[in-house]
Structures are given as structure tokens and as C-alpha cells.
Amino acid sequence: MYSEKVMAHFRNPQNVGEIPDASGVGEVGNVICGDILRVYIKVRDNVLEDVKFMTFGCAAAVASGSMTTVLAKGRTIEEALQITKKTVAEALGGLPPHKRHCSNLAADALRKAIEDWKHKEARTVS
Ligand code: FES
């Protein structure tokens, strides 16, 4: 059912955990399955210096969270905003149709974390 890449990221997920002094945090839940995924980002000079995730989710959610952090780490904010559920699913070698929503969690949580960072930045500047 799952590609080798999905299985590799599920068995050995990258960047799992929290960033205690995160610049931004984004959390997304899926109303259908009830799974939750949270992304933490550390931003320095407009670059995602560190990205971590935690999830109460299925194998596809774990693999998607892992792949999203790998794709986002070291990218500029603008580059990270280009990461979509499609990017994540393709990087994982595809997801079964009934598991595509799982890749939404990670991509959306990353976007929310960046929004959170932007709001904090705006408050700091003003
Ligand atoms: Fe809910 Fe995969 S089944 S995130």
C-alpha cells in the first residue's frame, strides 16, 4: 500500500520533537480521522534554521511530517511556502488515494507555523 519512501520515513522519522524556543508553531487536525500534527520552526535571517514535528497520526501522517521537515529545513520562508501537500506526497513517492489527506496535515501545519512566526514578527516590529 505504501511506497518505500513512506515506509522509510515511517520507520525512521526525521526531525521528531519540539523546539522549546520556537519562532512559530502550527497545529492542524483532521476532523474525519481525528489525527493531529504540530510543526515547530526556528527562523533566523528569513531562513528555517530548524523544523521539527510531532503527531498523533497514522503512518502516512508520520511520513508526511518527516518529509515536510526535511523539505523545509534550510529553506527561506518564501521557498518553504511553496511546499504543498502535492510536493510532500510526490517526494514520498505518492500516497494511496484514501491517505492523501494525511499529507495535508503536515503542509498546512508548516504554513500555520510560518503565519504564527509572521504575526510574532509583526508584533515585535510595531
Ligand atoms: Fe488521519 Fe492519516 S488517517 S492523518
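In what follows, every heavy atom counts, from backbone to side chain, and hydrogens, waters and symmetry copies are set aside.
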Hydrophobic clusters here meaning ILVMFWY residues chained together by side-chain heavy-atom distances under 4.5 Å, can you tell me if M54 and L105 are in one? no

Set of side-chain hydrogen bond (donor to acceptor under 3.5 Å, both in side chains) partners for E115, sequence neighbours left out: none

Might you point out which heavy atoms bring A113 and V39 nearest each other, and give the distance in Å? CB-O, 3.7 Å

What side-chain donor-acceptor pairs closer than 3.5 Å can you find for residues 24-31, not counting sequence neighbours?
unit_1, atom_1, unit_2, atom_2, d
E27, OE1, R38, NE, 2.7
E27, OE1, R38, NH2, 2.5
N30, OD1, I32, N, 2.7
N30, OD1, C33, N, 3.0

Side chain of R111, backbone of A80: donor and acceptor closer than 3.5 Å? no

Between K112 and D108 (salt bridge meaning N to carboxylate O under 4.0 Å), is one present in this structure? no

Between L48 and K73, is any pair of side-chain heavy atoms under 4.5 Å apart? no

I'd like to check C58 versus K99 (side-chain heavy atoms, cut-off strictly below 4.5 Å). Are they in contact? yes

Under 3.5 Å, side chain of S103 to main-chain N/O of S64, donor-acceptor pair present? no

Enumerate the salt bridge (Lys or Arg N to Asp or Glu O under 4.0 Å) contacts for residues 81-94, please, sequence neighbours excluded, ordered by first and then second residue. K86-E90

Compare every heavy atom of L92 with every heavy atom of A63, then report the nearest pair and how far apart it is. O-CD2, 3.8 Å

Run the salt-bridge test on E49 and R44 with the 4.0 Å N-O cut-off and return the result as yes or no. yes

With a 3.5 Å distance limit and no angle check, can you tell me whether Q82 reaches the backbone of E79 through a side-chain donor-acceptor pair? no

Co-membership, hydrophobic cluster, residues M67 and V16, 4.5 Å side-chain: yes

Would V88 and I77 show up in the same hydrophobic cluster when neighbours are defined by side-chain heavy atoms closer than 4.5 Å? yes

Examine distances only and state if a side-chain atom of R100 and a backbone atom of P96 form a donor-acceptor pair shorter than 3.5 Å. no

I'd like to know if the side chain of T87 reaches the main chain of T84, judged simply by a donor and an acceptor atom lying under 3.5 Å from each other, with no hydrogens or angles considered. yes

May I ask you to decide if K52's main-chain N or O and T69's side chain share a donor-acceptor pair within less than 3.5 Å? no

Atom of P13, atom of F53 and distance for their closest heavy-atom approach: CB-CZ, 4.3 Å

Can you hop from L37 to Y2 via hydrophobic side chains spaced under 4.5 Å? yes

Can you check whether Y40 reaches P20 side chain to side chain, under 4.5 Å on heavy atoms? no

Measure from the side-chain N and O atoms of S66 to the backbone N and O of V62, and report whether any donor-acceptor pair falls under 3.5 Å. no

